[in-house]
Amino acid sequence: MDKYKPYLKKYWYHFFLGPLFMIIEASGEFILPYINANIINNGAANGDIPYIIRNGVYMLIIALMMLAGGVLGANFAIRGSARLAAGVREDTFLQIQKFSFANIDDFSTGSLITRITNDITQIQNFAQTLLRGFFRSPIMLIGALIMSFSLNPKLAWVIFVVIPLLALAIAVIIKTASPRYTIMQQKIDQLNNGVGETITNERVIKSFVREEYEKKKFFRINDELVEKSTAALKMMILMQPISTLAINVTTLAVVWFAGKQIMVGDMELGTLTAFITYLSQILMALNFLANIILQGTRAAASDRRISEVLHADIDLTDDTAAFPEKEVSSGSIVFQNVSFRYFKNNQQKVLDNINLTIQAGETVGVIGSTGSGKSTLVSLIPRLYDVDEGAVLVDGINVKDYSLFHLRESVAMVLQKNTLFSGTISENLRWGNENATQEELERAAKTAAADSFVQTFPDGYETELGQGGVNLSGGQKQRLCIARALLKKPKILILDDSTSAVDTATESSIRRALREDMPGITKIIIAQRITSVVDADKIIVLDEGRIAGFGKHAQLLKTCAPYQEIYYSQKDKEEATNNGE
């Protein structure tokens, strides 16, 4: 409940006035039948027209009060539940923004989307139902019971035979439905994951002509969701017929016993009419309370899933930062006996005993076979992950002693996957610096060899990009991502295989521009092609998570076997290509 308390306090008047007005409406529910019974018994039976008119006016006034109470109660319930949901949704979103890469790995994208949308909507619906019915139903139930006993105590005992049986049936339904709702929400996760993956990779699917496969996969997931949803929801469907059966059976019993009393003159017709109305109210109130509990069961499943996100143990925080206000000044980097595993129980290390020193302003290349740990190595610098053993130092200070904000503000990283967002090119570039001038945008774009193609668009830097930059080529997206990173004016620039989609001439132009325009920035370039790092001040060669070599190109070509293997295999391939083989 802690996650809801701030919003219950902030919007307390919604959560107070909503039930209050619903109680006003409910109070009229058990007063009206009593007045109606008096009209039949005393007014209609005796032909007393003034009595009928006077009590009819009372009923009209009460009905108008009930109308006002119902409308105002529903209004406050809707507003209060919506604001409660909005607050929890905001808290959940902010929590996700704090997630480290390790936390993100624990939740699928589809699951997080379901939790922040569908699950919170379930909480909102339950809160709204609770505000409208939690107090209204008990008031109606208790009031109708009291009025029933006041009208005919002997006949009222029939109700106490039905209530336990109805309560037992409701308990069985709730107990059966509860675990099914959790499974249903998990199937919604799977559906969101599948749809998101399919839509994101639509171009790949079409290029491999895999539409039929994706259709079958979607149909399978969708059918599973239908099956589990039906299994959960059909329990709720049982509520209505069971309640209707209880009402009808009890009504028959009441009419049977009351008929005898009317025949002998112990009960009047108006009293019977009111009694049956109260009976219906009692059973309807029980039914509504059961629906609240059943909806609460579904909301409880959603609440647990939201709590898993809100209470996730975030492993990367500023709590241990010794210098939270300190900024990176130069950009030197030192790895001291660094080891790392993604799966902490796994004996094999992704990085094993890494020791290296990178001076501020140096250009360092990182090369190695696929899976050798290149991306993992550079991810430790801005603390996207924390080391398991050893330490990473920036400017001689452990990265854990910086605040995450100051550390990451000083590091610009262009990842392997180039991500652009819906909006204009200029809006995407200003992710690097939201206050950048147009001149600064163009300068960064020229350094990244992006200005030339941007200027060919009719709208230039105001060209609208589709989601993920789908209307750009791979090389164009890479260059824009580099320009965005340069606008950040970092102390450390990390390019993780970020020129793989551009031709060698353009790549050479980018390297030259980086060297000439940004001489004081520490640059780390991960590459598959040795030509991408051949001019670097130093080259790190990784092999199965260990440093196999560290030095200049000429030195490594003489002393490092893995480097020699990569170099000559690429050279042979290049020669074969040039010879038309």
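For the numbers below, each heavy atom of this structure counts, side chains included, while hydrogens, waters and symmetry mates do not. Source: prediction; values computed, not measured.
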Can T92 and R115 be said to form a side-chain contact (heavy atoms from CB on, under 4.5 Å), step by step? CA-CA 9 Å; T92 307; R115 292 170 200 244; 5.6 Å; no

What verdict does the salt bridge (Lys or Arg N to Asp or Glu O under 4.0 Å) test give for R430 and E427, after you've listed the backbone C-alpha separation in whole Å, the side-chain angles of each residue and the deciding distance to 0.1 Å? CA-CA 5 Å; R430 284 195 171 92; E427 287 170 346; over 6 Å; no

Test side-chain contact (heavy atoms from CB on, under 4.5 Å) applied to W431 and L420, step by step: CA-CA 10 Å; W431 272 62; L420 296 170; over 6 Å; no

Working for side chain to side chain donor-acceptor pair (under 3.5 Å), residues R443 and T447: CA-CA 6 Å; R443 187 185 308 126; T447 302; over 6 Å; no

Given V411 and V394, is the side-chain contact (heavy atoms from CB on, under 4.5 Å) satisfied, shown in steps? CA-CA 10 Å; V411 180; V394 173; over 6 Å; no

Determine, step by step, whether T463 and V454 satisfy the side-chain contact (heavy atoms from CB on, under 4.5 Å) criterion, reporting the C-alpha distance in whole Å, the side-chain angles of both residues, the deciding distance to 0.1 Å, and the verdict. CA-CA 8 Å; T463 299; V454 172; 5.8 Å; no

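Annotation: salt bridge (Lys or Arg N to Asp or Glu O under 4.0 Å) contacts involving residues 388-415, sequence neighbours excluded, comprise K344-D388, K349-E389. Listed by first then second residue, pairs satisfying salt bridge (Lys or Arg N to Asp or Glu O under 4.0 Å) with a partner in residues 356-376 read E362-K538, not counting sequence neighbours. The list of salt bridge (Lys or Arg N to Asp or Glu O under 4.0 Å) pairs with a residue in residues 326-337, not counting sequence neighbours, is empty.
Taking the ring pair (Phe, Tyr, Trp, His ring centres under 6.0 Å) definition, one finds that F93 meets it with nothing, sequence neighbours left out. Residues passing the side-chain contact (heavy atoms from CB on, under 4.5 Å) test with T114 are N118, D119, Q185, I188, D189, N192, R305, sequence neighbours excluded. D386 meets the side chain to side chain donor-acceptor pair (under 3.5 Å) test with R383; sequence neighbours excluded. Judged as a side-chain contact (heavy atoms from CB on, under 4.5 Å), and not counting sequence neighbours, the contacts of V378 are M413, I494, I524, I526. Applying the side chain to side chain donor-acceptor pair (under 3.5 Å) rule to E516 yields no partners; only residues at least two apart in sequence or on another chain are considered. Under the side chain to side chain donor-acceptor pair (under 3.5 Å) criterion, S473 pairs with Q476, not counting sequence neighbours. Remark: F99 engages F107 in a ring pair (Phe, Tyr, Trp, His ring centres under 6.0 Å) (not counting sequence neighbours). With sequence neighbours excluded, the residues that form a ring pair (Phe, Tyr, Trp, His ring centres under 6.0 Å) with Y563 are H553. Residues passing the side chain to side chain donor-acceptor pair (under 3.5 Å) test with S372, sequence neighbours excluded: none.
A pairwise comparison of heavy atoms in L84 and A127 identifies CD2-CB, 3.8 Å as the closest pair. Nearest heavy atom pair, residue E440 against residue N433, reads OE1-ND2, 4.4 Å. Scanning both residues, S498 and I482, for their nearest heavy atoms gives O-CD1, 3.8 Å. Shown here for Q570 and R529, the closest heavy-atom pair between the two residues is OE1-CA, 3.6 Å. Taking each heavy atom of P562 and A548 in turn, the nearest pair found is CG-CB, 3.8 Å. Taking every heavy atom of both residues into account, L465 and F421 meet most closely at CB-O, 4.2 Å.
Each of D537, L356, V533, I358 was scored for a side-chain contact (heavy atoms from CB on, under 4.5 Å) with V364, with one residue passing: I358.
At least one donor-acceptor pair closer than 3.5 Å links the side chain of R89 to the backbone N or O of I116. Between the side chain of S509 and the backbone N or O of A505 there is no donor-acceptor pair closer than 3.5 Å. With Q190 contributing its side chain and I221 its backbone, the two residues share no donor-acceptor pair below 3.5 Å. Within the 3.5 Å criterion, the main-chain N or O of L404 finds a donor-acceptor partner in the side chain of D318. At least one donor-acceptor pair under 3.5 Å links the side chain of S403 to the backbone N or O of P324. A distance-only check finds no donor-acceptor pair linking the side chain of D543 to the backbone of S369 [under 3.5 Å].
At a threshold of 4.5 Å between non-hydrogen side-chain atoms, the residues S329 and K491 do not count as touching. Residues V534 and Y567 have side chains not in contact (no heavy-atom distance under 4.5 Å, counting atoms from C-beta outward). Contact of the L542 side chain with the I547 side chain is registered, since non-hydrogen atoms from C-beta on lie closer than 4.5 Å. At least one side-chain heavy atom of I314 sits under 4.5 Å from a side-chain heavy atom of Q95. Using a 4.5 Å heavy-atom threshold, the side chains of D303 and F126 count as separate. In this structure, the side chains of L493 and L514 come closer than 4.5 Å at one or more pairs of heavy atoms. Taking 4.5 Å as the limit, every side-chain heavy atom of N355 sits out of range of all side-chain heavy atoms of F550. At a threshold of 4.5 Å between non-hydrogen side-chain atoms, the residues L351 and S339 do not count as touching.
Other residues, nucleotides and ligands contribute only 12 or fewer heavy atoms inside 6.0 Å of the NZ atom of K98. Atom CD of Q97 is surrounded by more than 12 heavy atoms from other residues, nucleotides or ligands within 6.0 Å. The neighbour count for E565 CD, taken as heavy atoms of other residues, nucleotides or ligands under 6.0 Å away, does not exceed 12.
The NZ atom of K446 sits 15.5 Å away from atom CD1 of I510, with the distance rounded to the nearest 0.5 Å. Note that CD1 of I530 is 9.0 Å distant from CG of L556, once rounded to the nearest 0.5 Å. For the atom pair OG1 (T522) and CD1 (I333), the distance works out to 5.5 Å, reported to the nearest 0.5 Å. Annotation: the span from L429 atom CG to E434 atom CD amounts to 14.0 Å, rounded to 0.5 Å. If you take OG1 on T419 and CG on N428, they are separated by 10.0 Å, rounding to the nearest 0.5 Å. Taking OG1 of T437 as the reference point, atom CG of L487 lies at 8.5 Å (rounded to 0.5 Å).
Taking the charged nitrogens against the carboxylate oxygens, E224 and R220 do have a contact shorter than 4.0 Å, which makes a salt bridge. Between E212 and K215, at least one side-chain nitrogen of the basic residue sits less than 4.0 Å from a carboxylate oxygen of the acidic one, meeting the salt-bridge criterion.
Remark: the Y461 side chain and the D451 side chain contain an N/O donor-acceptor pair separated by less than 3.5 Å.
Between Y7 and Y11, the two ring planes are parallel [angle under 30°; tilted spans 30° to 60°]. The aromatic rings of Y385 and Y342 sit perpendicular to each other, their planes meeting at more than 60°, with 30° as the lower class boundary.
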